[in-house]
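Report on the structure given below.
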Amino acid sequence: MFVVSSEQMKNIDLKTIRDYGIPARQLMENAGNGCASYLIGNHDHSLKRGVVVLCGHGNNGGDGYVLARILHEHRYPVTVIDLGEGTPSPETRAGKELCEKLKIEFVRPEDHDYAEMVEEVLSGCGVIVDAIYGIGFRGRLQGAIAAMVEEVNATNAFRVAIDMPSGVHADTGYAELAFEAHLTLTMEVMKYGQLLGRGRQCCGQTSVVSIGIPMAALKQEQKSYLMTLPIALLPERDRCAHKGDCGRLAMFAGSPGFTGAAFLAAQAALRAGAGLVTLFCHPEHFLHYVSKPQEVMVKPVPLLEGGELDIPALQTELEKYDALLLGPGCGMNDHTARLLKFVTEHWQKPAVIDADGLNALALHPELYGKLSGRNIILTPHWGEFCRLAKVGMGALHNDCLSELRKFVEAHNLQVLLKSHTSIYCDSSTTFFNTSGNDGLATGGSGDILAGLITSFLGQKMSPRFAAGSAAFHLGYTAELLAGQRETFSITPTDILDNIFAFLEEDETAEE
């Protein structure tokens with residue numbers, strides 16, 4: 001599914017009008033009709049209790065006027081609250097005038113008993129629709145509109161936003177006061193702000209409404225993508241394959257007290273199809289791994305006297321491996337730093353750097369240049385990313401996508417930024433992943449994700465699909481487990497035991 005910025009969406013609209021001859025008024029009609037069809041088909045009972053449409057003077061308000069007219073024609077009780085500021089667009093003016101000719105009830109701020117009328121229409125209605133600003137909003141809500149949004153948010157009505165809740169920045173998801181929708185009906189494609197920051201919460205459920213924009217117009221804009229089940233690829237596997245064909249993985253992971261991180265990553269890699277997984281540990285820590293899972297091999301890292309890596313011996317040892325993971329549970333110490341330097345200077349195959357590998361990298365930014373353009377994925381959560389990019393947490397809250405893209409472009413890296421919406425970004429592609437729930441807010445979830453990605457890399461998946469697909473399936477498993485138990489009770493072991501187990505059942509249900 002495509003995801004675009006507000007500027008890209010405006011360009012798509014303009015190209016549709018200019019290059020394909022579809023008038024702006026027709027696009028507005030399509031938008032209003034599409035929203036009406038969705039609401040009539042899914043929320044008829046609430047509509048019968050009355051609909052209030054909050055309309056601005058931009059094109060979003062025009063969509064609202066069309067929606068109000070269609071619902072009125074279907075004999076639902078409709079009231080329009082006119083919150084327009086400035087001069088309306090020609091299409092919006094035409095839509096408003098048509099509603100007035102049809103005798104749809106209007107409430108305007110200049111009405112003498114405005115406050116009383118608003119209270120009356122809001123108190124008994126079943127649906128309130130936000131068509132004030134759409135994707136063009138910037139800044140903060142003020143004045144009468146701010147007061148209206150606060151009042152609407154306090155009602156028990158089903159709240160619907162057209163394209164974007166008013167008060168939410170369409171590119172960043174940043175919001176202070178904003179319309180809190182239960183449902184957002186977005187035009188043609190998803191917008192960044194529906195996936196990021198408070199925007200995701202304010203949008204509620206998001207559904208895409210087609211308004212007749214040609215695919216050719218969409219393809220002219222560089223797009224990002226929302227990861228979904230149909231594009232969350234899994235490795236291709238020959239039925240006659242042997243273990244050596246399915247990816248040999250090396251992992252620098254774990255340390256005393258943190259062997260669990262290593263074992264979770266290793267078992268996740270096996271669950272994702274890896275043929276062989278070997279944990280490489282510090283020789284002094286070897287006995288801490290005696291209770292390892294039976295499918296996982298453990299070997300000591302070859303060292304010289306004084307603790308330095310025996311680089312020729314390690315290179316020889318790793319020749320047969322297809323992908324490598326560095327970081328989970330390694331600890332912040334000289335040994336981890338040496339392993340990081342080895343990976344950046346001597347390892348030429350796909351790799352994932354996670355957890356303490358990232359913390360070590362943050363202390364050695366001179367190594368970024370050696371990662372540039374490499375088939376290596378960094379997998380930071382927000383705190384780790386702040387250390388890597390030398391930015392404050394506030395900057396990520398304001399606009400995490402821009403900060404991520406600046407970091408990726410500056411160093412030509414491949415990064416999966418982990419959060420409630422995870423973002424994979426490289427020099428040409430952006431993937432968003434929204435699958436998952438708070439069941440993943442538990443130590444060990446990131447170790448499983450790192451193992452999944454490394455396994456996919458070892459099985460010849462591209463970095464972008466290895467990262468995006470792994471993030472999706474981790475979250476998807478947590479969502480399905482939530483149907484069986486409370487999210488707070490989901491553990492990383494539950495994820496391991498069930499990942500990919502639901503796919504056949506889900507495909508059967510779809511048939």
Side-chain angles (χ1 to χ4, degrees), residues 235 243 246-301 314 317-318 321-333 335-336 339-340 343 350-360 377 379 381 384 416 418 439-459 466-467 470-471 473-475 477-478 481 489-501:
K243 60 188 178 185
C246 298
R248 300 172 186 265
L249 309 184
M251 295 188 175
F252 297 128
S255 59
F258 298 97
T259 54
F263 294 148
L264 286 171
Q267 288 179 291
L270 289 167
R271 285 288 188 192
L276 291 164
V277 178
T278 302
L279 289 171
F280 285 86
C281 67
H282 194 288
E284 294 178 358
H285 304 158
F286 191 80
L287 291 179
H288 290 273
Y289 293 80
V290 292
S291 61
K292 66 177 178 63
Q294 294 179 352
E295 306 94 335
V296 179
M297 295 174 285
V298 178
K299 292 184 178 182
V301 174
L314 186 54
E317 184 68 50
L318 293 176
Y321 293 94
D322 301 302
L324 180 148
L325 169 63
L326 166 65
C330 282
M332 283 298 295
N333 49 57
H335 183 64
T336 301
L339 290 172
L340 172 65
V343 170
V352 174
I353 301 178
D354 183 52
D356 288 325
L358 297 171
N359 291 327
I377 304 173
T379 55
H381 56 57
E384 291 162 343
L416 176 67
K418 300 181 293 189
L440 296 174
T442 304
S445 298
D447 305 316
I448 291 176
L449 177 59
L452 296 175
I453 297 171
T454 309
S455 184
F456 287 170
L457 288 175
Q459 295 173 78
H473 284 290
L474 179 79
T477 304
L481 282 170
S489 71
I490 296 173
T491 67
T493 302
D494 295 327
I495 299 293
L496 278 178
D497 289 343
N498 290 280
I499 197 157
F500 310 122

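What you see below is based on every heavy atom in this structure, not just the backbone, and it leaves out hydrogens, waters and symmetry mates.
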task = State, with a plain yes or no, whether a side-chain heavy atom of D354 is found less than 4.5 Å away from one of K418.
result = yes

key: L270 CG to E295 CD distance, which is reported to the nearest 0.5 Å   = 6.0 Å

remark   = What one should report as the nearest heavy-atom pair of A471 and L416 is CB-CD2, 4.4 Å

message = The criterion is side-chain contact (heavy atoms from CB on, under 4.5 Å); which residues satisfy it with L496, sequence neighbours excluded?
response = L264, Q267, A268, R271, I448

request  = Please examine the side chains of L449 and T379, heavy atoms only from C-beta on, and report whether any two atoms are closer than 4.5 Å.
outcome  = no

ask   = Of all heavy-atom pairs between S255 and Y289, which one has the smallest distance, and what is that distance?
value = N-OH, 3.4 Å

ask   = What distance separates D497 CG from L481 CG, expressed to the nearest 0.5 Å?
value = 9.0 Å

key: side-chain contact (heavy atoms from CB on, under 4.5 Å), paired with F252, selected from L279, V301, L325   = V301

inquiry  = Going by the rule side chain to side chain donor-acceptor pair (under 3.5 Å), which residues pair with Y321 if we only count those two or more places apart in sequence or in a different chain?
reply    = T278

request  = Check whether any side-chain N or O of D447 sits under 3.5 Å from a backbone N or O of A265 as a donor-acceptor pair, and report yes or no.
outcome  = no

request  = Indicate the atoms forming the closest heavy-atom contact of S445 with L474, along with that distance.
outcome  = O-CD2, 4.1 Å

task = Can you measure from CZ (F280) to CG (L314) and round to the nearest 0.5 angstrom?
result = 7.0 Å

Validation: residues 451-458 side-chain donor-acceptor distances under 3.5 Å, sequence neighbours left out:
{"from": "T454", "atom 1": "OG1", "to": "A450", "atom 2": "O", "distance (Å)": "2.8"}
{"from": "S455", "atom 1": "OG", "to": "A269", "atom 2": "O", "distance (Å)": "2.8"}
{"from": "S455", "atom 1": "OG", "to": "A274", "atom 2": "N", "distance (Å)": "3.3"}
{"from": "S455", "atom 1": "OG", "to": "Q459", "atom 2": "NE2", "distance (Å)": "2.9"}

ask   = Any luck finding a side-chain donor-acceptor pair between T477 and N498 under 3.5 Å?
value = no

ask   = Between T442 and T491, is a side-chain contact (heavy atoms from CB on, under 4.5 Å) present by the stated rule, with each step listed?
value = CA-CA 7 Å; T442 304; T491 67; 5.7 Å; no

request  = Kindly give the heavy-atom pair with the smallest separation between A360 and T336, and that separation in Å.
outcome  = CB-CG2, 4.2 Å

query = Where is the tightest heavy-atom contact between C330 and D356, given as atom of each residue plus distance?
reply = N-OD2, 3.5 Å

